[in-house]
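Just the heavy atoms: all of them, side chains too, but no hydrogens, waters or symmetry mates, feed the values below. Just so it is clear: chains get the letters A, B, ... in the order the sequence lines come, proteins before strands, and each one is counted from 1.
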There are 4 protein chains.
Amino acid sequence: MPAPQAMRRRILEAAVATLAAEGVSASTAAMAKRAGIAQGSIFHHFESKAGLLNALYLELAEEVRAAVLADIPAAGLREQLLVVWGRWLDWAAEHPARRRSLMLLSLSDVITAESRAGSARNQAAGVELFQRAAAGGPLDGQPIAFLGAVVEGVAYAAMDAIQRDPERAGQYHAAGFAALWNLLRPA
Amino acid sequence: MPAPQAMRRRILEAAVATLAAEGVSASTAAMAKRAGIAQGSIFHHFESKAGLLNALYLELAEEVRAAVLADIPAAGLREQLLVVWGRWLDWAAEHPARRRSLMLLSLSDVITAESRAGSARNQAAGVELFQRAAAGGPLDGQPIAFLGAVVEGVAYAAMDAIQRDPERAGQYHAAGFAALWNLLRPA
Amino acid sequence: MPAPQAMRRRILEAAVATLAAEGVSASTAAMAKRAGIAQGSIFHHFESKAGLLNALYLELAEEVRAAVLADIPAAGLREQLLVVWGRWLDWAAEHPARRRSLMLLSLSDVITAESRAGSARNQAAGVELFQRAAAGGPLDGQPIAFLGAVVEGVAYAAMDAIQRDPERAGQYHAAGFAALWNLLRPA
Amino acid sequence: MPAPQAMRRRILEAAVATLAAEGVSASTAAMAKRAGIAQGSIFHHFESKAGLLNALYLELAEEVRAAVLADIPAAGLREQLLVVWGRWLDWAAEHPARRRSLMLLSLSDVITAESRAGSARNQAAGVELFQRAAAGGPLDGQPIAFLGAVVEGVAYAAMDAIQRDPERAGQYHAAGFAALWNLLRPA
DNA sequence: CATGAATGAGCGTTCATTCAT
DNA sequence: GATGAATGAACGCTCATTCAT
């Protein structure tokens, strides 16, 4: 019973690496090879390629949530957001292949509406923090999906900048957060 | 040769529709079918699928630029940005398939570095406007690529919101712009 | 009326060059391009690709015959054969593309039995010379086709050697002829 | 994996038959059909069509060598050559499709220089026999490639004659050998 | 006649999935 | 379970040939 889960993990890790390297069109054979198993064995653990990719999408989304939202210290709202911001950028910087896979998957049409909804539910707690920060600002009262997308847009811009130019990571981290805070707060 | 350009256009339009409907992995056969021509005929007008997609990418990028940046009225910076913002969201709302295609293409690795550079050059005038608006704000002095990505992130969030919920288009338009202006300006 | 023949010639010359460069699978489009005409124009001068290749085969075969067998001086048999041998090797050395095309065509199955028969008839006079030389030797009385093939085999070996190593052309010329003469004569 | 080699063999046999029947441009689909397998299955056993054809070329070349050069009896040079000559003609007569395939392949440009070199190395022992027989004759001291080509040319002429007119096989066999021996020996 | 765009069958190759071992 | 050979539909692309201009 421990083995099946371990095999599943190995396949998912291999899938991350393969996706990051070759895009969503990476073959299941390439994933199997990277996992060190036979081509056909993947299908003992996942119903289909689509099933595997959806499972991976959910795992990665949950991983981000855990990395970013676990044990947020009791503190002022700005300090809490700063913690979240920092963890988010750090996760992206430390796991570029995972970030790339997650992004490729979220843009691919193999990810079902159900998977997307699950992922969104997952991140609700995080968005809610930003929602509180938006009180009185221009996005006060806007739907969560909109607010979340705005925040995500700014965060992805910072992640891309850091990945492109890691030596100025601190500068992008600080400027990005200042911009985001500005964006949320009343003028 | 009554209209070699007309056939090219028909293929590109069919490609937009097919990409929007089926993703980047849409087959050239599907595009040909939608264009009402034989499969092989595509290759009289484009060297390869990659060539077709790059041409489409450049056309769409130029189309956005023309729609958004043409004849910006002499006015205060805020009014100019508001014009740009409005035209951008309008283009997206009016051409959802084109927007989706452009996004899918820009995330795909068939688009060459050269195409991307051409597109970036194209949009330089627009980004420069935002750069001027950022003076004194948290993104003052940041690289153009970072600033552009932040602005794009906010704009895409607004476009998605409007597409999801067109009845509140005005609200997303106004709140998005206020947030963007806040983000750029000094606290 | 002069023009049609000129165009035909141009196409055949282009076909030779294209065949030599790209093999029998060379496209008619490539030949048309090399001839400086439109793809479709080839089919105003030749019924089909197969028709073109058969015509080329016959032209080349006739060209060899003319180059090798025209005006053979009255002389002893050995001297006559030496003239033929020399002209044959010279033609091959001077027209490698034509030789290669002729060989490719003769091995291809687009050349009909009729074309082959025509070419064989053409060369009968030449083979007859060798037949006379074979009198009393081991091939005396053998069918013309067999005798011709043997002679051809020796000649092609010499041509290949000269093409591979042109500096020793004289040596291959002389040794090849001596071997051929030995082969034909009584022990 | 009951017999991975068996499938490989079946494909190679089907390739021989298909090549002999349709020429080098025979499709892999036709080979698969003749082998009774799916089109795609060929590519589990061979990397590509070119890989398959090169493998076939090497197998056939080795097969000829084994059939012709194995266990040559200790005897006078003439008797040894006669054994080789006989085995060579017999192999060709018994395996016309294999001979035709080998010839088509050797003239095709899908066969790599490496394959050709391997095949040449393979046959060195045979050519060396003819080289010894050439001592004192017109081809004494000529490069192996030239000598080999001459011998091959005479042999192929005999094979063709036998194939065309099997009833006189003995006559072509004897006359061909006499001619070859004459060719090699001093006048 | 010349043109070259259009055709559509066919090519070599890939790949998710199945299944006998 | 694990294996990997087998499948066959699909893919991007080529090409001889046709035909409206």
Any donor-acceptor N/O pair, [X] side chain to [Y] backbone, under 3.5 Å:
X	Y	result
B:Arg99	B:Ala92	no
B:Asn54	B:Ala50	yes
B:Ser119	B:Ser115	no
A:Thr18	A:Ala14	yes
D:Arg116	D:Ser106	yes
C:His95	C:Trp91	yes

Subject >> Working for side-chain contact (heavy atoms from CB on, under 4.5 Å), residues A:Glu59 and A:Glu62 >> reply: CA-CA 5 Å; A:Glu59 291 238 349; A:Glu62 162 57 18; 5.8 Å; no
Subject >> Residues within residues 103-115 of chain B bordering DNA chain F, heavy-atom distance below 4.0 Å >> reply: none
Original post:
Would you say C:Glu47 has more than 12 foreign heavy atoms packed within less than 6.0 Å of its CD?
Top reply: no
**OP:** Both distances under 3.5 Å, Watson-Crick or G-U wobble: on that basis, could you give the dot-bracket string for DNA chain E, with [ ] for crossing pairs and | for other-strand partners?
**Re:** .||||||||||||||||||||
**OP:** Determine: side-chain N/O of A:His45 to OP1/OP2 of F:dG1, distance under 4.0 Å, yes or no.
**Re:** no
Find the distance [X]:[atom1] to [N]:[atom2] and express it as a whole number of Å.
X	N	atom1	atom2	result
B:Arg8	E:dG4	CZ	C1'	17 Å
C:Lys33	F:dT14	NZ	C1'	15 Å
A:Met31	E:dC15	CE	P	11 Å
A:Ile42	E:dC15	CD1	P	13 Å
D:Met7	F:dG4	CE	C1'	15 Å
C:Arg10	E:dC1	CZ	C1'	14 Å
C:Phe46	F:dT18	CZ	C1'	19 Å

Subject >> side-chain contact (heavy atoms from CB on, under 4.5 Å) assessment of C:Val24 paired with D:Val24 >> reply: CA-CA 10 Å; C:Val24 224; D:Val24 224; over 6 Å; no
Original post:
Side chains of C:Phe43 and C:Thr28: does their closest heavy-atom pair fall under 4.5 Å?
Top reply: yes
Original post:
What does B:Ile37 touch in the nucleic acid at a heavy-atom separation under 4.0 angstrom: a base, only the sugar-phosphate, or nothing?
Top reply: sugar-phosphate
Subject >> Where protein sits on nucleotides 8-13 of chain E, one letter per nucleotide: B base, S sugar-phosphate only, - none, heavy atoms under 4.0 Å >> reply: B--SSB
**OP:** Give a yes or no on whether a salt bridge exists between A:Arg10 and A:Glu13, defined as a side-chain N under 4.0 angstrom from a carboxylate O.
**Re:** no
